[in-house]
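Below: the structure, in structure tokens.
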Amino acid sequence: TAFTASTIDGGDLTVIHDLLEVGKTRVAGAIQTLDSIDTITNSGTITGSIDLDSGDDLLINSGTIDGDVEMGLGDDGVGLATGTSVTGVIDGGEGTDAMELAGTSATLSSAQTVAASRNFEELLVSSGYWTASAGSSEFGLVGIAAGATLDVHEVAVGGSPSSASWAVHSGPRNRAR
């Protein structure tokens, strides 16, 4: 299943009966798929959550996603480009999942902010200057390509705000654990 979005707004009509028969306990607000390999390319606005269920799915985003993203079971990929805005959490789910950041600006820009995420095994910053401060995220492996920057700001330590930050700049391929 492939979707390309300019605007998708989660509506009121939902076919719950079919989803309950396959064991789903919640329904996504904007995009819901079942047991398929899905590719979603968004450069517009998606209002509502996305649940891609199982399969080796791909999400490419340079637009706005106003909701959570559940990649589900499978070896999934997420590509975030300049202009990305995700208000919720991107969950890689089960499997070996990777997130790539590809930006067009080599300087600090609000258009290149890493979304809060969980259950990703790898983060690759392939280009641009990216800032991570939207919430907690954890990756098993972080790769930063030559010319790219990842600027990480700790937003809370023990429940209180913190001003700690660090940046990893261009290198042959920096890896952090």
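Only a predicted model underlies this, so the values are computations on that prediction, with no experimental measurement involved. No hydrogens, no waters, no symmetry mates; every other heavy atom, side chains included, goes into these values. Numbering starts at 1 and runs along the sequence shown.
No path of Ile, Leu, Val, Met, Phe, Trp and Tyr side chains, each step under 4.5 Å between heavy atoms, connects L101 with L58, placing them in separate hydrophobic clusters. Taken together through direct or relayed side-chain contacts under 4.5 Å among Ile, Leu, Val, Met, Phe, Trp and Tyr, I37 and L73 form parts of separate hydrophobic clusters.
For S117 against S137, the heavy-atom pair with the smallest separation is N-OG, 2.9 Å. For the pair V89 and R118, the tightest heavy-atom approach, listed with the atom from each and the gap, is CG1-NH1, 3.6 Å. Contact record, G103 with T82: CA-OG1, 3.2 Å, taken as the closest heavy-atom pair.
For the atom pair CG of N119 and OG1 of T96, the computed distance is 11.5 Å after rounding to the nearest 0.5 Å. In this structure, CG in D76 is found 10.0 Å from CG in L59, a value given to the nearest 0.5 Å. The line from OG of S43 to CD1 of I60 is 11.0 Å long, rounded to the nearest 0.5 Å. With values rounded to the nearest 0.5 angstrom, L80 atom CG is found 10.5 Å from T113 atom OG1. Here the straight-line distance linking atom CG of D56 with atom CE of M71 works out to 9.5 Å at 0.5 Å rounding. Here T64 contributes atom OG1 and N42 contributes atom CG; the two are 7.5 Å apart, rounded to the nearest 0.5 Å.
No side-chain heavy atom of N61 sits less than 4.5 Å from a side-chain heavy atom of V78. Considering only heavy atoms from C-beta on, I90 comes within 4.5 Å of M99 through its side chain. Inter-residue side-chain proximity for T107 and Y129 is flagged as unmet; no heavy-atom pair is nearer than 4.5 Å. Between L150 and V114 the shortest side-chain heavy-atom distance falls below 4.5 Å.
In this structure a side-chain-to-backbone donor-acceptor pair under 3.5 Å is missing from S36 to D38.
Looking only at atom types and distance, the side chain of T87 has a donor-acceptor partner in the side chain of D66 under 3.5 Å away. A donor-acceptor pair shorter than 3.5 Å can be found between the side chains of E100 and S126.
In summary, of the residues considered (T104, D151, V125), a side chain to side chain contact (heavy atoms under 4.5 Å, CB included) with Q112 occurs for T104 alone. Considering I31, I40, D57, I50 as possible partners of V69, the one that fulfils the side chain to side chain contact (heavy atoms under 4.5 Å, CB included) test is I50.
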